[in-house]
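To start, the structure itself, in structure tokens.
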Amino acid sequence: MSDTITTRTYSADAKSRDVRPRESERDETQQDETQVCPECSGHLVTDEEHGETICEDCGLVVEDTVVDRGPEWRAFDSAERDSKSRVGAPTTKMMHDKGLSTNIGWQNKDAYGKSLSPRQREQMQRLRTWNERFRTRDSKERNLKQALGEIDRMASALGLPENVRETASVIYRRALNDDLLPGRSIEGVATSALYASARMAGTPRSLDELEKVSRVDKMELTRTYRYIVRELKLEIKPADPEQYVPRFASELGLSDEAERQARQLLRDAKETGIHSGKSPVGLAAAAVYAAALLTNEKVTQSEVSTVADISEVTIRNRYKELLEVQDGTLLA
Amino acid sequence: MSGPADSIEIQNVVASTGIGQELDLEALADDLPGADFNPDNFPGLVYRTQDPKAAALIFRSGKIVCTGAKSIDDVHDALGIIFDKLRELKIPVDDEPEITVQNIVSSADLGHNLNLNALAIGLGLEDVEYEPEQFPGLVYRMDEPKVVILLFGSGKIVITGGKRTDDAETAVEEIVERIDALGLLG
């Protein structure tokens with residue numbers, strides 16, 4: 001009995017202690033916003049229910065019919081939520097105007113869903129043309145539009161998620177604002193921005209993969225990439241070979257056991273430092289191959305080679321080194 | 001003490017000079033035995049000296065770039081030979097054309113394997129360029145002396161961009177100190 005009582009009083013105490021600091025915080029924020037009555041310098045409070053700001057001391061109504069920025073009350077289904085929503089889609093860096101402008105729909109239909117008359121149809125076509133011209137007024141905006149389209153296209157082809165596209169778009173915008181574009185191609189900078197952002201997000205794609213979906217060659221890509229990274233001070237860490245393992249393993253249809261083994265091989269290799277100066281893609285490919293052999297799963301070097309875009313010779317060389325490390329750690 | 005600084009070897013010295021006289025390279029290519037002139041590939045005439053081993057690129061404007069020499073003295077010797085050859089062909093050459101060293105490339109060995117990944121983060125990612133997918137070495141741009149150092153996993157390094165012979169030495173001492181401070185040497 002006594003136990004329950006003590007716990008109860010304790011929890012009540014905790015509650016009141018929780019509440020108090022919050023109240024004092026609220027008071028402070030109100031005072032910070034210079035909420036002082038113009039008549040008697042009294043303390044002002046906001047009455048959200050009536051949409052008024054009134055003085056606590058003399059009762060003067062300082063402001064009435066305040067705009068309610070909250071969401072529309074009571075939406076029961078998704079259609080209602082849509083019709084009551086006062087906001088559009090969130091802004092995104094992936095569109096050259098951050099998605100804030102209006103688009104004229106491509107369907108030639110009016111608000112009731114009826115088809116437009118040929119005359120109106122012609123008019124809408126004309127409006128669309130002008131809207132498009134108006135949306136991209138100067139060369140920088142046209143440049144951005146093309147580049148962001150390109151980033152989106154390549155990211156889709158490489159299966160990169162939204163956040164990577166967003167980062168790539170931000171990197172590209174920074175490059176454009178810092179005037180790094182003159183003398184470099186839009187495609188080149190867009191590809192490097194995507195490569196950099198994929199690395200930053202921990203889902204790296206190899207240069208060969210990017211080269212396949214990009215319209216620029218590897219030479220230009222690497223040159224632009226190094227330039228962008230240096231000028232924008234992006235501080236990108238060297239890619240970790242482990243980050244390539246899951247993708248290669250799943251493309252080869254290997255078991256979790258093999259994948260785990262591959263990661264372990266790479267971790268051992270990193271401890272002994274034999275990965276210094278070696279291509280992370282090559283190391284990952286060799287680790288996946290070695291792990292498959294160690295777990296008795298059948299893959300050939302040429303299969304790994306196609307999946308990882310690494311030559312069989314590289315796989316053989318790296319694989320030997322990885323196994324030497326493995327033997328070393330087992331003996332030690 | 002025998003340290004990495006003792007292993008420094010100069011690999012290449014590049015210097016430029018000019019004779020203050022425009023040249024007809026077509027005619028010069030015919031008159032100078034052993035000269036390569038291929039205007040389709042390269043606008044300059046290439047003349048190689050055997051002792052000291054060096055190559056001089058002679059341009060139409062009369063400017064000459066000497067490359068491939070192993071020391072500053074060798075550069076002066078090689079250019080001296082070329083000036084004499086030109087004088088033999090009755091081409092007026094200033095008595096003592098000014099020779100400016102543009103670049104010295106040296107190599108050295110730190111004697112330990114390096115963990116480049118750790119080093120890239122330790123030295124500060126903004127001064128470092130390490131892209132193992134593109135190039136196995138780590139590129140470190142040093143401000144003082146203003147040189148570029150390439151560090152490799154084997155511990156061998158290349159110092160380039162210096163204009164004086166002791167630049168390489170100071171750079172090696174500096175980099176060894178920095179790597180040692182990070183506890184990454186050996």
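Hydrogens, waters and symmetry mates are skipped; everything else that's a heavy atom, side chains included, is used. All chains are named by letter (A, B, ...) in the order of the sequence lines, taking the proteins before the strands, and each is independently numbered beginning at 1.
Rounded to the nearest 0.5 Å, atoms CD (B:Glu126) and CG (A:Leu234) are 12.0 Å apart. One finds the CD1 atom of A:Ile274 at 11.0 Å from the CG atom of B:Asn113 (value rounded to the nearest 0.5 Å).
Heavy-atom neighbours of A:Lys145 NZ from other residues, nucleotides or ligands within 6.0 Å: above the threshold of 12. B:Asp84 CG: more than 12 foreign heavy atoms inside a 6.0 Å radius. Around NZ of A:Lys140, the count of heavy atoms belonging to other residues, nucleotides or ligands within 6.0 Å exceeds 12. Heavy atoms from other residues, nucleotides or ligands lying under 6.0 Å from CE of A:Met95 number 12 at most. Atom CZ of B:Arg60 sits in a sparse spot, with 12 or fewer heavy atoms from other residues, nucleotides or ligands closer than 6.0 Å.
Ion pair B:Glu131/A:Arg226 not flagged as a salt bridge, since none of the NZ, NE, NH1 or NH2 atoms sits closer than 4.0 Å to an Asp/Glu carboxylate oxygen.
Annotation for A:Ile236 and B:Leu125: closest pair O-CD2, 3.9 Å, computed over non-hydrogen atoms. Here the closest heavy-atom approach between residue B:Glu133 and residue A:Pro280 is recorded as N-CD, 4.1 Å. Of all non-hydrogen atoms in A:Gly277 and B:Leu116, the two that sit nearest each other are N-CD1, 3.8 Å. Pairing each heavy atom of B:Asn115 with each of A:Lys270, the nearest pair is ND2-O, 4.4 Å.
Side-chain contact check for B:Tyr130 versus A:Lys237: every heavy-atom pair is 4.5 Å or farther apart.
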Would you sort out whether B:Arg141 and A:Arg230 count as a side chain to side chain contact (heavy atoms under 4.5 Å, CB included), showing the intermediate values?
CA-CA 11 Å; B:Arg141 287 165 213 281; A:Arg230 198 166 60 235; 3.6 Å; yes
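For A:Arg199, the part lying near chain B is the side chain, with the backbone staying farther off; criterion is any non-hydrogen pair under 4.5 Å. Of the two parts of B:Glu129, only the side chain, counted from C-beta on, holds a non-hydrogen atom closer than 4.5 Å to a non-hydrogen atom of chain A.
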